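Just so we're clear, the structure is a prediction, and the values are computed from it rather than from any experiment.
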Amino acid sequence: MKKLLFLVVVLLVAVLMTQMRPSKADHKAAMMKAVRELVDEEAANQGLKDNGLTRLGKSVVNKAIEAALGTKLKVDDYYLFNTTHIRMKGEDKLLSVGVFGHVFTFDKKMLREALEAPDEAENP
């Protein structure tokens, strides 16, 4: 009886996981939140004051990154969870993992490297 109950619980969790995978839009929104935090942090580190010009600059940077993520972000679906990747320097870099309706993004250092990497052609 315990084995049957365990099996039912495992199957129920698996079904819930398949139904609660985040969408590509959810991954993009989580990545944009992380990007905004990084841009704000970098602006503060550079000593930029929060004024109209700084907000305009941040807005332009955010829009450019959002457009790039929209075209370059690739979602891999593994039925129970999904991941997002972006192609940089000829290889795929893992950016986030989505499970149970939540997207987990990676640390700011990795994100900073991803954003600063020059867009290289696939064929060197």
Side-chain angles (χ1 to χ4, degrees):
M1 184 65 176
K2 289 182 182 180
K3 289 181 183 179
L4 179 61
L5 181 60
F6 177 75
L7 182 61
V8 168
V9 169
V10 168
L11 288 174
L12 180 63
V13 169
V15 168
L16 283 173
M17 287 177 77
T18 63
Q19 298 302 310
M20 296 178 70
R21 286 177 313 221
S23 67
K24 182 176 182 177
D26 295 334
H27 279 276
K28 185 177 172 185
M31 292 305 303
M32 285 308 301
K33 180 180 180 214
V35 165
R36 280 188 209 93
E37 290 172 0
L38 179 63
V39 168
D40 289 343
E41 183 180 295
E42 287 297 315
N45 289 345
Q46 296 295 323
L48 300 175
K49 295 182 180 173
D50 191 23
N51 57 35
L53 189 57
T54 303
R55 284 191 296 272
L56 178 64
K58 288 179 185 178
S59 176
V60 169
V61 168
N62 287 332
K63 290 292 182 186
I65 293 171
E66 186 174 9
L69 284 178
T71 59
K72 295 183 179 193
L73 202 64
K74 179 184 171 201
V75 178
D76 290 331
D77 192 1
Y78 298 101
Y79 300 107
L80 299 179
F81 65 96
N82 53 25
T83 61
T84 57
H85 302 265
I86 195 164
R87 189 139 187 96
M88 294 181 333
K89 297 181 181 179
E91 62 183 60
D92 283 338
K93 297 282 186 175
L94 181 65
L95 294 179
S96 62
V97 175
V99 64
F100 285 116
H102 185 75
V103 177
F104 299 93
T105 58
F106 293 97
D107 63 33
K108 290 181 183 177
K109 180 182 176 194
M110 196 281 309
L111 184 58
R112 182 178 288 117
E113 290 172 4
L115 296 175
E116 291 174 352
D119 193 21
E120 295 180 1
E122 295 298 318
N123 298 325

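- Pairs of residues two or more places apart, or lying in two chains, that qualify as salt bridge (charged side-chain N to carboxylate O under 4.0 Å, His left out) and include a residue from residues 15-25 are Arg21-Asp77.
- Annotation: the span from Leu7 atom CG to Lys2 atom NZ amounts to 16.0 Å, rounded to 0.5 Å.
- By the criterion of side-chain heavy atoms lying less than 4.5 angstrom apart, applied directly or through intervening Ile, Leu, Val, Met, Phe, Trp or Tyr residues, Met20 is not grouped with Val103; the two fall into different hydrophobic clusters.
- Remark: His102 pairs with Phe104 by the ring pair (Phe, Tyr, Trp, His ring centres under 6.0 Å) rule, at least two apart or across chains.
- Following chains of ILVMFWY side-chain contacts shorter than 4.5 Å, one can reach Val97 starting from Val13, so the two form part of one hydrophobic cluster.
- The heavy-atom pair separating Leu80 from Ala14 by the smallest distance is CD2-O, 3.6 Å.
- For the atom pair NE2 (His27) and NZ (Lys74), the distance works out to 13.5 Å, reported to the nearest 0.5 Å.
- Going from atom OG of Ser96 over to atom CG of Leu73 covers 6.5 Å, rounded to the nearest 0.5 Å.
- Under the 4.5 Å side-chain heavy-atom criterion for grouping Ile, Leu, Val, Met, Phe, Trp and Tyr, Phe100 is connected to Phe81 within one hydrophobic cluster.
- Asn82 places a side-chain N or O within donor-acceptor distance of the main-chain N or O of Pro22, the cut-off being under 3.5 Å.
- Note that the OG1 atom of Thr105 and the CE atom of Met32 stand 12.5 Å from one another [nearest 0.5 Å].
- Summarising the geometry, atom OG1 belonging to Thr83 is positioned 5.5 Å from atom CG belonging to Leu94; distances are rounded to the nearest 0.5 Å.
- Atom OG1 of Thr84 and atom CG of Leu95 lie 5.0 Å apart (nearest 0.5 Å).
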